[in-house]
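What follows is a set of notes on a single structure, which appears directly below.
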Amino acid sequence: MAELAIENVTKRFGETEVLKGVSLTIADGEFVSLVGPSGCGKSTLLRLIAGLETQTSGTIRLAGQDVAGLRAADRDLSMVFQSYALYPHLSVRDNVAVPLRMRRLNGRQRLPMVGGLLPGARSAEQQLMADVEHAAKTLEIDHLLDRKPGQLSGGQRQRVALARALVRDPAAFLLDEPLSNLDAKLRVQTRVEIAELHRRLGATFVYVTHDQVEAMTMSSRIAVMMGGKILQCAPPDEVYENPADIQVAEFIGAPKINILPVDVNTDGHVTLLGQKLPLQLAQPETGVRIGFRPQALRLSGADARLTGVVAHTENLGAEVFAQIAVPGLENRIVMRAEPGQRAALHLGATVGVDFDCTAALLFDQNGQRIRTVRQAVAPELTGAL
Amino acid sequence: MTRDWWKHLILTLGALIVIAPFYMMVSYSFKSPGEIDRGEGGFFGRQEMMVDERCVKLRDPNRDDIAAAALRFPNQTDAQIRDALVAEATAECSMRPVVFNYTKAFTEAPLLRYLLNGILVTASIFFIQVLVAVPAAYALAKLKFWGREAVFSLVLFCLLIPVHAIALPLYIMLAKLGLTNTYAALVVPWTISVFGIFLMRQFFMTVPDDLIDAARMDGMGEFTIVWRVMLPTAIPALLAFAIFSIVAHWNDYFWPRIVVTGNRDLFTPPLGLREFKGDGDGSFFGPMMATATVIVMPLIVAFLLAQKRFIEGITLSGMK
């Protein structure tokens, strides 16, 4: 068990800079997800922590100790790979036993045939097998121990890979998109199991994924990475409700957040499609955008702020997502509605959409969140009252 | 099916052309010299009793033999005793052609010794080739180091050099080292197989990087990875290479002929065939073909046993 500190780490592959100065501290026992689109450098960061790659600059500390120059084998970390990476020629039992054999037996004791006859080898082997059985029981694969990986299903291989990682009680677990090769149903189930495993072991987990749902549901903190940088690292609800960057807001949450261009007039009032919103910025800016989650929008009457035509609906049973084309806006807006409102949302219907301005997120032209927003009372609303 | 008849015709013709020499070899190994000369007797020959002229000639009785045999043939002249002895020898030297050919194959030359030499030489060559090729191929496929591409180009370049072009310098080097007429001369020049390195490298390219990274995380060093992870996963490719290597060196006539000049104890099986080449009294085609049959048999049996894995290995290594 250990704290993991990453300071100003950069990594170049030839001309391309994959990581551009990443800093992150992961406390002992924390579950941190590195999430981002492919190519954002999240897997590279994990491989740097693992010791499979060497950083161009910066330091990585494990339990306070700088691990520069330390081989992957000596870092006391376990890793689970996307492709599971089980040894195809070994049985499940031997696959799980490999990390223990490599650490507890010396070179001569590991020799085939004669190794078992050397002093100490037999008792070490017995202890080791007991540990393997224990790990197998934890992951409920004890009935598969004598099979070869080729005879297992994807989910079973995933469990074997997890068992191999946890059998030797490492300082931290590194998981590289471990669920991507599973089918949707199994993924949901394994997600819960990994989260429970983390609670039970109380170990440090670093989890790489491109799936924001996995990150949201399992982590204590999410580090959202884009273009080789960590844009925000915070607990899931914070990242969702209070994104620091427009890219974070767009990446987290499904369906995607609605981003609409707004104008800011000289006194800082925000206007959307010519309508004043009850929001006021400290100073006038250009290129400001406003973001609404689909559930911040609601179906409204003719006096609504936005009026558009229903272009597509997605009925998920418990909720309905409607894509509405609003004249004057480049992209369709997505609104969450109750199933009861389905009748009003038939294709081609003209509907009014209103929103709650307190749930609005404003971003400046660089995509940074504008936090100094005053909830101003708009003049037309005062008139209506 | 009916529209494919011409494909089958071509394949059948091709198969016949390939099988013909083997058919002749096996057939001749059954026949008597007379049948071979006259080209009769079908595949097995008529298997009539034949007399081994050499055997009779060797037992041609001299004066002492006749004197010693006088007791057995009382009241007969020397000429009569001599005729009786020759008749006895002829009877004892008669046998079926197939028995004659195969006994000659093993008695005329120490064929068993040659076979053992062949096994020793091919096995040593293959063993050392694997010892060199597997780590080299692993480094070329999976490790990043400065000049890797250049080294691999050199490997490819070496594939282009024919053995015969460098045979003379190799021979001179071995001669200067005093290694001609030793097992070392038969083995050492072949221990680094660029073909083996190339084949294994192509196979290792298909092994996922994750597997190697997992092994590193599990605490293995690079050499442990080579022998404990890469080698077991590469068994099909290794079998394919084994067939190439063993066939080439088991059948090699050229190189042993160059470096083994006098010592018949070092002869490999193909050199053994020379024992039957035509001297003054004509060629021994029957025994020669019997020897050839004995020599190729281990390879054919091995291939039939490993056929499936062999084809797997070739297709796996992308050499389709």
Side-chain angles (χ1 to χ4, degrees), chain A residues 13-14 43 46-47 49-54 70-91 94-107 110-112 148-150 157 160-161 164-165 167-168 170-178 181, chain B residues 127 130-131 134-135 137-139 141-150 152 200 202-242 306 308-309 312-313 315-318:
Chain A
F13 289 110
S43 284
L46 195 74
R47 293 171 59 80
I49 299 171
L52 297 170
E53 308 268 0
T54 319
L70 214 55
R71 289 190 315 148
D74 301 328
R75 292 194 183 187
D76 195 22
L77 301 168
S78 275
M79 190 154 167
V80 177
F81 294 86
Q82 183 178 354
S83 60
Y84 317 136
L86 301 176
Y87 307 113
H89 60 289
L90 297 179
S91 69
D94 288 327
N95 259 290
V96 179
V98 164
L100 293 181
R101 288 215 174 100
M102 293 311 297
R103 282 179 169 77
R104 293 195 196 157
L105 303 181
N106 59 34
R110 282 200 305 268
L111 284 177
K148 290 271 172 73
R157 283 183 216 179
V160 176
R164 185 175 64 178
V167 73
R168 66 184 173 84
F173 289 89
L174 311 176
L175 300 98
D176 190 1
E177 309 220 7
N181 286 354
Chain B
F127 180 72
V130 170
L131 219 57
V134 171
Y138 172 70
K142 293 294 180 190
L143 299 182
K144 293 186 196 95
F145 56 91
W146 188 86
R148 180 176 82 160
E149 297 312 310
F152 185 58
M200 296 314 286
Q202 293 309 94
F203 182 80
F204 285 163
M205 293 292 278
T206 67
V207 175
D209 287 342
D210 275 0
L211 190 64
I212 294 155
D213 285 338
R216 287 188 187 131
M217 295 300 295
D218 284 344
M220 294 192 197
E222 299 301 313
F223 270 101
T224 321
I225 292 175
V226 168
W227 301 118
R228 297 220 159 206
V229 179
M230 298 309 267
L231 190 69
T233 49
I235 293 293
L238 212 60
L239 270 175
F241 175 55
K308 212 174 139 203
R309 316 264 340 232
E312 241 171 47
T315 40
L316 265 180
S317 48

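By convention in this document, chain letters (A, B, ...) are assigned in the order of the sequence lines, proteins followed by strands, and residues within each chain are numbered from 1.
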Side chain to side chain donor-acceptor pair (under 3.5 Å) with A/S83: which residues, sequence neighbours excluded?
-> B/D210

Does B/F127 CZ have over 12 foreign heavy atoms under 6.0 Å away?
-> no

Non-neighbouring partners of A/E177 that pass side chain to side chain donor-acceptor pair (under 3.5 Å), sequence neighbours left out | A/S180, A/H210

Verify, without hydrogens or angle tests, whether A/H89 (side chain) and B/R228 (backbone) share a donor-acceptor contact under 3.5 angstrom.
-> yes

Answer key: most heavy-atom pairs under 4.5 Å with chain B among A/M79, A/Q82, A/R103, A/R101 is A/R103

Which bit of A/L52 comes within less than 4.5 Å of chain B, counting heavy atoms only: side chain, backbone, both or neither?
-> side chain

Please determine which of A/R164, A/R75, A/R168 meets the salt bridge (Lys or Arg N to Asp or Glu O under 4.0 Å) test together with B/D218.
-> A/R164

May I ask you to list the residues in residues 220-227 of chain B that approach chain A closer than 4.5 angstrom, counting heavy atoms only, ordered by number?
-> B/M220, B/G221, B/T224

Less than 3.5 Å apart, which donor and acceptor atoms pair up between the side chains of residues 143-150 of chain B and the rest of the protein, not counting sequence neighbours?
from, atom 1, to, atom 2, distance (Å)
B/R148, NH1, B/L140, O, 3.4
B/R148, NH1, B/L143, O, 2.9

Looking only at heavy atoms, which two atoms of A/A73 and B/G219 are closest? And how far apart?
-> CB-CA, 3.4 Å

Could you pull out the closest heavy-atom pair between A/A72 and B/M217, with the gap in Å?
-> CB-SD, 4.0 Å

Portion of A/L100 that has a non-hydrogen atom of chain B nearer than 4.5 angstrom | neither

Atom pair CG/CZ of B/D213 and A/F81 - distance to nearest 0.5 Å = 5.0 Å

